[in-house]
Amino acid sequence: MKYWLLKSEPDVYPWSKLVADGRGKWDGVRNHTAKLNLQAMKKGDRAFFYHSNIGKEIVGTMEIVREAYPDTSAEKGAWFMVDVAPLKEAAKPLTLAEIKTLPELAGMALLKYSRLSVQPVAPAEWKAICKRIGVPA
DNA sequence: GCCAACGTTGGC
DNA sequence: GCCAACGTTGGC
């Protein structure tokens, strides 16, 4: 199983909406590196939901429930989307500011490639973050 | 094929 | 609101 981090601006698509819907389509990704990550996802992989811009924190965990398929929001070209379902809400969200202070998370893609909206998370990082936010790894 | 200009993302 | 990072576009 692989681990990922997906970013969304909460005023566009917040965690609360995903929870209310029970399942969501992760579309609109228009960056090639992010696209490759979407295509590498397997059903059953896990991902963090990160609120960018507002909040700047990891707010919950998700499961990939449908592997990459053509993005229905794309006018042309081969962009892809996946479907996700919420797993656990963070008992205590982990902010970007906190992530920067933790040595075990210093290598995160989130810090190095701040603009990448779909990025991989190392297993050790996944475990450390789950512990911090109070959800089962 | 190079590179300057420009647009977008996202943190501050 | 500003700015850094970085991807894309277009002139040459």
Side-chain angles (χ1 to χ4, degrees):
Chain A
M1 180 191 300
K2 291 195 174 178
Y3 304 100
W4 310 93
L5 182 144
L6 301 179
K7 292 186 190 176
S8 181
E9 297 185 38
D11 53 357
V12 176
Y13 187 80
W15 166 257
S16 58
K17 174 116 174 51
L18 178 63
V19 171
D21 293 346
R23 180 176 170 127
K25 296 178 184 303
W26 210 276
D27 63 4
V29 172
R30 297 292 184 272
N31 170 282
H32 291 288
T33 304
K35 182 186 79 171
L36 291 176
N37 288 332
L38 282 178
Q39 291 180 297
M41 291 178 180
K42 295 293 179 191
K43 195 173 176 180
D45 281 359
R46 304 291 170 86
F48 288 122
F49 193 121
Y50 176 82
H51 277 167
S52 64
N53 260 302
I54 302 168
K56 283 167 283 182
E57 57 190 6
I58 291 170
V59 291
T61 60
M62 301 177 277
E63 180 177 352
I64 307 304
V65 293
R66 182 176 172 188
E67 293 174 15
Y69 60 104
D71 187 335
T72 51
S73 74
E75 291 177 11
K76 60 169 189 169
W79 296 109
F80 288 84
M81 59 199 278
V82 298
D83 287 359
V84 297
L87 281 180
K88 294 285 181 183
E89 182 163 323
K92 183 185 181 308
L94 182 64
T95 65
L96 179 64
E98 285 176 278
I99 290 171
K100 286 181 174 176
T101 68
L102 300 172
E104 65 268 37
L105 300 180
M108 280 193 77
L110 185 64
L111 303 182
K112 193 171 182 183
Y113 308 102
S114 61
R115 288 182 52 203
L116 185 59
S117 62
V118 181
Q119 48 183 264
V121 172
E125 293 165 352
W126 180 268
K127 285 182 73 173
I129 293 169
C130 283
K131 196 174 175 185
R132 285 263 163 189
I133 65 178
V135 309

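Each chain gets a letter, A, B and so on, in the order the sequences are listed, and its residues count up from 1. The figures here come from the full heavy-atom set of this structure, side chains too, leaving out hydrogens, waters and symmetry mates.
Atom P of nucleotide B:dT9 and atom NE2 of A:His51 are separated by 17 Å, given to the nearest angstrom. Across the protein-nucleic acid pair, A:Tyr113 atom OH and C:dC6 atom C1' stand 12 Å apart, rounded to whole Å. The distance from atom NZ of A:Lys35 to atom P of C:dT8 is 10 Å, rounded to the nearest whole Å. The separation between A:Leu111 atom CG and C:dA4 atom P is 19 Å, rounded to whole Å. In this structure, A:Ile58 atom CD1 and B:dG10 atom P are separated by 14 Å, rounded to whole Å. Look at NZ on A:Lys100: it is 14 Å from P on B:dG10, rounded to the nearest Å. What separates CD of A:Glu57 from C1' of B:dG11 is a distance of 14 Å, to the nearest Å. Computed from coordinates, the A:Lys56 NZ to B:dG11 P distance equals 6 Å when rounded to whole Å.
Between A:Lys7 and the phosphate of B:dG10, there is a side-chain N or O to OP1/OP2 separation shorter than 4.0 Å.
The side chain of A:Ser117 has B:dG10 as its nearest neighbour among B:dG11, B:dG10, C:dT8. Considering only side-chain atoms of A:Arg115, the nucleotide from B:dC12, B:dG11, B:dG7 that sits closest is B:dG7. Among B:dG11, C:dA5, C:dG7, the nucleotide with an atom closest to any side-chain atom of A:Asn31 is C:dG7.
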Could you go through A:Val82 and A:Arg66, starting from their C-alpha distance and side-chain angles, then the distance that decides it, and tell me whether this counts as side chain to side chain contact (heavy atoms under 4.5 Å, CB included)?
CA-CA 6 Å; A:Val82 298; A:Arg66 182 176 172 188; 5.9 Å; no
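Note on ring orientation: taking the six-membered ring where Trp is involved, the planes of A:Tyr13 and A:Trp26 are perpendicular (angle over 60°, cut-offs 30° and 60°).
Scanning both residues, A:Met62 and A:Trp15, for their nearest heavy atoms gives CG-CZ3, 4.0 Å.
Remark: A:Asp71 does not engage A:Lys25 in a salt bridge, criterion side-chain N to carboxylate O under 4.0 Å.
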